**Q** 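Right, I'll just put the structure down here and ask away after.
Counting from 1, the numbers follow the sequence of the chain as shown. The structure displayed is predicted, hence computed values, not measured ones.
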Amino acid sequence: MAAGRGTRRVLGDLLAAVLLVALLLLPDRLTRTDLGSFAAVPIEPVLGGVLLVVLPAGVRQPVAAAFGGLVGLLTALKLVDVGFYAALARPFDLVLDWTLLPGVWVLLQGSLGGVTAVLVLAGLAVVVATLLAAAVWATLRLSRLLTAHHEPAVRVLAAIGACWLACAAVGVRAVPPYPVASASSTTKIIGEVRAVREGLADRERFAAELAADRFSSVPADDLVTGLRGTQVLVIFVESYGRVALADPAIAAAVTPVLDEGTRRLARTGWQARSGYLTSPTAGGGSWLAHATLLSGLWIDDQQRYRQLVASDRRTLTGVFAEAGWRTVGIMPGNTSAWPDGAVYRYDEIRDSRSLGYAGPPYGWARVPDQYTLAEAGRVLETGSPAAPTMVVTPLITSHAPWTPVPTLVDPAAVGDGSGLTPATGTAEPPEAILTRDPSRVRADYGRSLAYTLSGVVAQLARTPADDLVVIMVGDHQPAPVVTGPDAGRDVPITLLAGDPAVLERVRTWGWTTGLRPKGDAPVWRMDAVRDRFLTDVAGATPR
């Protein structure tokens with residue numbers, strides 16, 4: 001029996017050591033390459049063991065418990081980062097991303113139902129509590145082992161430390177690019193501290209950027225002299241990223257639509273020029289991209305967004321509103337009041353409740369893009385040279401999970417949507433892309449974009465081109481499950497007009513003729529659009 005207890009004790013000690021090492025080596029993103037981080041020796045247990053050796057015996061257990069708690073919390077943060085990297089291609093921001101939690105709840109509740117959403121959150125809470133308990137258990141058990149076998153433990157720590165230093169000096173890598181001598185958890189903590197400090201300091205920095213507006217003192221009428229009497233339409237295409245044109249498998253569905261669309265629109269009087277922008281976000285956070293383009297400021301986090309919303313910044317829409325345009329925001333993805341929209345100076349905001357859509361739902365993106373485009377066309381028809389209209393709308397059918405994809409119909413037959421074909425296939429929540437076959441996800445993504453872009457072409461082909469200027473822009477790249485890791489944040493942008501003089505004003509931009517930008521087309525930051533559009537297209541002179 002004593003032998004049995006001894007075996008169980010040894011196995012328990014081994015389990016505690018393996019668990020602690022695994023938690024410390026756990027990467028904050030989980031691709032096949034990143035799993036190579038486990039082929040390493042972490043320095044943190046060695047440093048922790050040395051600390052416990054030099055501390056009085058009476059305080060070792062509390063310190064070990066605190067160390068275990070820190071490891072557990074760090075592990076929970078890494079798991080959150082795994083989700084953020086998978087969906088948004090970035091880690092969780094400890095300062096700014098807490099404001100996203102209500103939106104996560106709304107998404108879960110809308111996708112899964114209230115009861116299931118509560119169960120999911122309860123399950124996550126259990127996971128976090130279990131991680132904390134397991135990490136504390138492991139460190140306490142190893143601390144007792146160190147106390148009970150002090151001298152052998154010191155020798156083992158010295159040997160591991162010497163091995164770690166040797167591997168670090170030589171740069172040994174069992175699975176490149178990860179070094180065997182790992183300090184990843186320490187580096188993670190240092191990085192988080194720096195990020196928190198940067199986030200807190202950025203508030204003042206951005207306040208200065210908000211105040212420095214070259215157009216703030218220019219009368220609104222002087223900002224739009226080149227577009228007097230012209231209607232303006234701004235279209236944000238959800239998840240329309242560079243990958244849609246650069247990845248051959250996806251481009252096979254998208255580029256024929258753009259190329260044929262260029263020819264079709266040319267026959268009805270439209271001309272187009274296209275380039276690329278670098279978006280402030282990827283995988284999600286569309287409102288950050290919208291704010292960046294319309295404000296002329298780099299809005300890459302929620303703190304900057306909140307500061308913008310609370311300011312009197314002259315947005316692109318605000319300039320046109322001041323100059324006498326009727327400004328309308330058509331927001332098919334909004335299901336409730338949107339107080340943030342006040343910064344854009346819309347005269348009217350039409351959300352999913354007031355769009356008059358009577359057709360079948362299409363999964364998360366209930367209102368199909370063809371209906372949104374038809375509604376935008378109806379609003380633009382109410383404008384005139386004497387009382388022009390500006391419409392801004394995000395198209396959302398190409399939002400994850402990119403299924404089901406509606407059937408394209410003749411724009412003249414859209415009506416109130418009641419005659420549209422019901423969705424086929426199973427509607428899934430956006431987060432379903434993380435568990436589906438990636439090849440299927442990419443195919444669905446390409447089909448959804450082809451539908452949306454075809455809808456844009458079909459709507460514009462029946463819209464008079466002589467008094468309308470259109471900006472069509474992707475808001476961000478899709479999730480990494482489509483793009484792969486480190487894909488960049490470039491998105492296509494297209495300027496369309498029927499008036500040749502408008503396109504002549506942007507000749508110096510070097511953009512590609514047509515709806516599809518070439519691979520070497522210029523790339524601007526998205527915050528450059530407001531000022532370039534006002535200066536070169538609308539005829540403004542900043543002061």
**Q** Does Ser454 reach the main-chain N or O of Ala450 with its side chain, forming a donor-acceptor pair under 3.5 Å?
**A**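 Present.
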**Q** Any donor-acceptor pair under 3.5 Å linking the side-chain atoms of Ser286 with those of Glu238?
**A**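 Yes, a side-chain donor-acceptor pair sits under 3.5 Å.
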**Q** Which distance, rounded to the nearest 0.5 Å, do you find between the CG of Leu79 and the CG of Leu131?
**A**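 Taking CG in Leu79 and CG in Leu131, the distance rounds to 6.0 Å.
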**Q** What's the shortest heavy-atom distance between Ala64 and Leu140, and which atoms?
**A**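 Closest heavy-atom pair between Ala64 and Leu140: CB-CD2, 4.2 Å.
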**Q** Looking only at heavy atoms, what is the nearest atom pair of Ala135 and Leu23, with distance?
**A**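 Answer, listing the atom of Ala135 first, then Leu23: CB-CD1, 4.0 Å.
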**Q** Please, which pairs that meet ring pair (Phe, Tyr, Trp, His ring centres under 6.0 Å) have at least one residue in residues 121-169, sequence neighbours excluded?
**A**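 Not a single pair qualifies under ring pair (Phe, Tyr, Trp, His ring centres under 6.0 Å).
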**Q** Does the side chain to side chain contact (heavy atoms under 4.5 Å, CB included) test come out yes or no for Asp437 and Val441, once each step is laid out?
**A** CA-CA 6 Å; Asp437 176 22; Val441 171; over 6 Å; no
**Q** Within the 4.5 Å heavy-atom criterion, are Val196 and Asp93 side-chain neighbours or not?
**A**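 No, side chains not in contact.
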**Q** Can you name the nearest heavy-atom pair linking Val136 to Ala65, along with the distance?
**A**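 It is CG2-O, 3.8 Å.
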**Q** Quick one: does Thr512's side chain get under 4.5 Å of Arg273's, heavy atoms only?
**A**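 Side chain of Thr512 against side chain of Arg273, heavy atoms only: no contact under 4.5 Å found.
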**Q** Hey, does Arg205 have a side-chain heavy atom less than 4.5 Å from the side chain of Glu198?
**A**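 Yes - at least one pair of side-chain heavy atoms lies under 4.5 Å apart.
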**Q** Hey, what do you get for OG1 (Thr139) to CG (Leu70), rounding to the nearest 0.5 Å?
**A**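 It is 10.0 Å, given to the nearest 0.5 Å.
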**Q** Could you tell me whether the side chain of Arg442 reaches within less than 4.5 Å of the side chain of Val481, counting heavy atoms only?
**A**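 Side-chain contact under 4.5 Å: no.
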**Q** What's the spacing between Thr452 OG1 and Ile396 CD1 if we round to 0.5 Å?
**A**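 Those atoms lie 9.5 Å apart.
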**Q** What I'd like to find out is whether the side chain of Val473 reaches to under 4.5 Å of the side chain of Val529, using heavy atoms alone.
**A**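 No; the side chains remain at least 4.5 Å from each other.
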**Q** For the residue pair Ser295 and Ile299, what are the closest heavy atoms and their distance?
**A**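 Looking at all heavy atoms of both residues, the closest pair is OG-CG1, 4.1 Å.
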**Q** For Trp524, does the six-membered ring have the charged nitrogen or CZ of Arg532 within the cation-pi criterion, i.e. under 6.0 angstrom from the centroid and within 45° of the normal?
**A**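 Output yes; distance and angle both within limits.
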**Q** Salt bridge or not for Arg29 and Asp81, using N-O below 4.0 Å?
**A**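 No.
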**Q** To the nearest 0.5 Å, how far apart are OH in Tyr276 and CG in Asp520?
**A**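 Between Tyr276 OH and Asp520 CG, I get 9.0 Å after rounding to 0.5 Å.
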**Q** Side chains of Leu294 and Phe236, heavy atoms from C-beta outward: is any pair under 4.5 Å?
**A**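 Touching, per the 4.5 Å side-chain cut-off.
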**Q** Are the side chain of Arg90 and the backbone N or O of Tyr85 linked by a donor-acceptor pair below 3.5 Å?
**A**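 Here the side-chain-to-backbone pair does not exist.
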**Q** So which pairs with a foot in residues 42-52 pass side chain to side chain donor-acceptor pair (under 3.5 Å), sequence neighbours left out?
**A**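 The answer is Glu44-Thr186.
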**Q** Please give me the minimum heavy-atom distance between Pro62 and Gly58, naming the atom from each residue.
**A**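 Shortest heavy-atom contact: CD-O, 4.0 Å.
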**Q** What residues, two or more places apart in sequence or in another chain, satisfy side-chain contact (heavy atoms from CB on, under 4.5 Å) together with Pro480?
**A**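 Only Ala89, Thr483 meet the side-chain contact (heavy atoms from CB on, under 4.5 Å) criterion with Pro480.
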**Q** Indicate whether the side chain of Ser239 and that of His399 have a donor and an acceptor atom separated by less than 3.5 Å.
**A**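 Not at all, the side chains of Ser239 and His399 share no donor-acceptor pair under 3.5 Å.
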**Q** Which distance, rounded to the nearest 0.5 Å, do you find between the CG of Leu395 and the OH of Tyr451?
**A**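 These two atoms lie 9.0 Å from each other.
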**Q** Can you give the donor-acceptor pairs under 3.5 Å from side chains of residues 45-53 to other protein atoms, not counting sequence neighbours?
**A**
none

**Q** Are any of the side-chain heavy atoms of Thr281 and Trp287 separated by less than 4.5 Å?
**A**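 The answer is no; the side chains never approach within 4.5 Å.
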**Q** Show your working on side chain to side chain contact (heavy atoms under 4.5 Å, CB included) between Trp509 and Leu495 and close with a plain yes or no.
**A** CA-CA 11 Å; Trp509 291 2; Leu495 178 69; 4.3 Å; yes
**Q** For Lys78 and Leu26, indicate whether the former's side chain and the latter's backbone hold a donor-acceptor pair under 3.5 Å.
**A**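 Confirmed, Lys78 side chain pairs with Leu26 backbone.
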**Q** Take Arg144 and Arg60, measure what side chain to side chain contact (heavy atoms under 4.5 Å, CB included) needs, and give me the verdict at the end.
**A** CA-CA 9 Å; Arg144 296 189 190 101; Arg60 286 177 185 168; over 6 Å; no
**Q** Just do the side chain to side chain contact (heavy atoms under 4.5 Å, CB included) check on Leu288 and Gln302 with the steps written out, would you?
**A** CA-CA 8 Å; Leu288 303 179; Gln302 198 66 9; 4.1 Å; yes
**Q** Are there over 12 heavy-atom neighbours, none belonging to Arg194, within less than 6.0 Å of that residue's CZ?
**A**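 No, not enclosed.
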**Q** Answer yes or no: is there a donor N or O on one side and an acceptor on the other, between the side chain of Arg516 and the main chain of Gly514, under 3.5 Å?
**A**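 Flag not set: sc Arg516 to bb Gly514 has no pair under 3.5 Å.
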**Q** Pairing donors with acceptors under 3.5 angstrom, does anything connect the side chains of Ser184 and Ser182?
**A**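 Per modelled atom types, Ser184 and Ser182 side chains form a pair under 3.5 Å.
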**Q** Distance only, no hydrogens: is a donor on one side chain within 3.5 Å (strictly under) of an acceptor on the other, for Asp300 and Tyr305?
**A**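 There is no such pair (donor and acceptor under 3.5 Å, judged by atom type) between the side chains of Asp300 and Tyr305.
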**Q** Check for a donor-acceptor pair, side chain of Ser448 on one end and backbone N or O of Tyr445 on the other, with a separation under 3.5 Å.
**A**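 Between the backbone of Tyr445 and the side chain of Ser448 there is a qualifying donor-acceptor contact (under 3.5 Å).
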**Q** Are the side chains of Ser398 and Val237 in contact, using a 4.5 Å heavy-atom criterion?
**A**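 A side-chain contact exists here, since the closest heavy-atom pair is under 4.5 Å.
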**Q** Using every non-hydrogen atom in the two residues, find where Asp527 and Thr292 come nearest and quote the distance to one decimal.
**A**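 For Asp527 and Thr292, the tightest heavy-atom pair comes out as N-CG2, 3.5 Å.
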**Q** Under a 3.5 Å distance rule, please check whether Gln477 uses its side chain to pair with a backbone N or O of Tyr240 as donor and acceptor.
**A**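 No, because the side chain of Gln477 does not come within donor-acceptor range (under 3.5 Å) of the backbone of Tyr240.
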**Q** Would you give me the side-chain donor-acceptor pairs under 3.5 Å for residues 151-159, sequence neighbours excluded?
**A**
none

**Q** Which pairs of donor and acceptor atoms, one on a side chain in residues 484-492, lie under 3.5 Å apart (sequence neighbours left out)?
**A**
from	atom 1	to	atom 2	distance (Å)
Arg489	NH1	Pro280	O	2.6
Asp490	OD1	Thr278	OG1	2.8
Asp490	OD2	Arg242	NH1	3.2

**Q** Taking the six-membered ring of Trp402 as reference, does the NZ or CZ atom of Arg447 fall below 6.0 Å from its centre and within a 45° cone about the axis?
**A**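 No, Arg447 and Trp402 do not form such a contact.
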**Q** Tell me yes or no: between the side chains of Ser274 and Lys518, is some donor less than 3.5 Å from an acceptor?
**A**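 No pair is found: no donor N or O on one side chain lies under 3.5 Å from an acceptor on the other.
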**Q** Is the shortest distance from a Lys or Arg side-chain nitrogen in Asp13 or Arg8 to a carboxylate oxygen in the other one below 4.0 Å?
**A**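 The answer is no: the pair does not qualify as a salt bridge.
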**Q** Could you state the interatomic distance from CZ (Arg313) to CG (Asp213), rounded to the nearest 0.5 Å?
**A**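 Separation between the atoms: 4.0 Å.
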**Q** Looking at Asn334 and Ser336, would you say the former's side chain and the latter's main chain have a donor-acceptor pair under 3.5 Å?
**A**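 Not a single qualifying donor-acceptor pair exists.
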